[in-house]
Amino acid sequence: MISTIQQRSDYTFKANRSLGRHGWLRLTPAYGVKLVEKLLANVDREAIVIDPFSGTATTALVAAELGHQAFSFDINPFLIWLGNAKCRNYSEHCLIDIRKQVKQVLKEYKILIGGDNWTPKIFHIERWWSSDTIKILSALRTALVNQFGEPEDNDDYNLVWIAFCRLIIESSSAAFNHISMSFKETVDEHDCEYIDELFLSIVELILMSAQQNICGSVQVVKVDARHITELDGIKIDKAITSPPYPNRISYIRELRPYMYWTKFLNEAKEAGELDWLAIGGTWGIATSRLNSWQLEDETLPDEILATVNTIKISDGKNASILAVYVLKYFYDMHLHLSSLRSILKDGCELHYIVGNSTFFGNMVDTAALLSESMRVLGYSKISYEIVRKRNCNKSLYEYCISATW
DNA sequence: ATGGATTCGTTCAAGACCTA
DNA sequence: TAGGTCTTGAACGAATCCAT
């Protein structure tokens, strides 16, 4: 049966790029707009939707485009800011104003080049941008701050900073053609004309797609998915989400360039601290912390403990710490599924898009293991099916777990 | 100098994309 | 539409950094 399942590029970030707001900023890996649309196709417009792992707010944006009220949770302040910026409406006047002011800034910022402009303390910054490109980018940033304020200062100007993030990544020497972002062999050199043109084209693209108003409403809020509390008494009808998967890919790793330039991150230590708060984080100190982490709760399903044990006794070089890593992942997800119950309406349907993974060749069947947690926690009608084959390790697939509360 | 902490670099096959 | 080329990727060890 599995052999007939295909890769579906229409369910990945690739298809999202051409879908207006969804294509503003890539997060590796984002899940598909089309999949969310399918899951919401026959849902009553009055239904309130939640995504406890917001990421780039794909679920919330699709839901709001269809007229729903949506809530979206995340623990990363940059993603909360980005999600709210993607899901709000911008007046025509505001868009015209931004276009005019950006053109003015581009005319005037060049006198700042070479001056004492703020530059982020990102590790090995010279591998991301050449020293000349950094001078141009930091001068432009200073001019944009003078004109529009810092990213969180004025919601009307969010679009400028999203465009700046796109400029940051497109002018960088990051190699995005691998599983995780790394660097090209040589650092790209750019002059002012190139940066001006690139920035202007990105701004135009974003302004164009921001014209389309959204009829629903979205609130992206800072919530730790493991400790969900009351939502002003509001109860949820539908939960659609793609939580992190149990593997070593770190969201912080990919988000660093954006987060440093927008001042959501200021030093390397903060990146590790933030990833430790996230479920499945492995960046910086997050991995080291696993050495002293211990399971407090013993109600986890036996299937989870058995999978963890196969990793622990395998001959992988870091088998023992990665066994702890997988255990903590499923413990955190169990806490999440437990605390989520307090905001669900009876009969709420859940759809969790997850991927399996391997550690030293040992399969971690995420869909089956999370289904077990759901069963233990009292969810009903639990089932899962394969959505698509992933374009990597042969045995990796993406699944949709469905359940009812 | 050392060793723990932190960050980087990548295989190879499926499937998308292009060309004639 | 056949056949060639290009693009892509949800682990893991190696490499490098950096307090002590």
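In what follows, chains carry the letters A, B, and so on, assigned in the order in which the sequence lines appear, proteins first and then strands, with residues in each chain numbered from 1.
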(message) Taking A/Leu112's backbone N and O only, do any of them form a donor-acceptor pair with A/Asn117's side chain (distance below 3.5 Å, no angle check)?
(response)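 Yes: the side chain of A/Asn117 pairs with the backbone of A/Leu112.
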Could you tell me the separation between the [atom1] atom of [X] and the [atom2] atom of [N], rounded to a whole number of Å?
{"X": "A/Trp276", "N": "B/dT6", "atom1": "CH2", "atom2": "P", "result": "12 Å"}
{"X": "A/Arg248", "N": "B/dG9", "atom1": "CZ", "atom2": "P", "result": "15 Å"}
{"X": "A/Ile122", "N": "B/dC8", "atom1": "CD1", "atom2": "P", "result": "8 Å"}
{"X": "A/Asn247", "N": "C/dG9", "atom1": "CG", "atom2": "C1'", "result": "12 Å"}
{"X": "A/Leu322", "N": "C/dC12", "atom1": "CG", "atom2": "P", "result": "7 Å"}
{"X": "A/Asn291", "N": "B/dA5", "atom1": "CG", "atom2": "P", "result": "7 Å"}
{"X": "A/Leu265", "N": "B/dT6", "atom1": "CG", "atom2": "P", "result": "14 Å"}

Any [X] side-chain N or O less than 4.0 Å from OP1/OP2 of [N]:
{"X": "A/Trp283", "N": "B/dT7", "answer": "yes"}
{"X": "A/Lys269", "N": "B/dT6", "answer": "no"}
{"X": "A/Ser182", "N": "B/dT10", "answer": "no"}
{"X": "A/Asn318", "N": "C/dC12", "answer": "no"}
{"X": "A/His124", "N": "B/dT6", "answer": "no"}
{"X": "A/Arg127", "N": "B/dG9", "answer": "yes"}
{"X": "A/Arg388", "N": "C/dT8", "answer": "no"}

Closest nucleotide among [options] to the [X] side chain:
{"X": "A/Arg253", "options": "C/dC18, C/dG13, B/dG9", "answer": "B/dG9"}
{"X": "A/Ser288", "options": "B/dT7, C/dC12, B/dT6", "answer": "B/dT6"}
{"X": "A/Lys389", "options": "B/dG15, C/dA11, B/dT7", "answer": "B/dG15"}

(message) What does the 5'-to-3' dot-bracket notation of DNA chain C look like when only Watson-Crick and G-U wobble pairs under 3.5 Å count, and pairs to other strands show as |?
(response) |||||||||.||||||||||
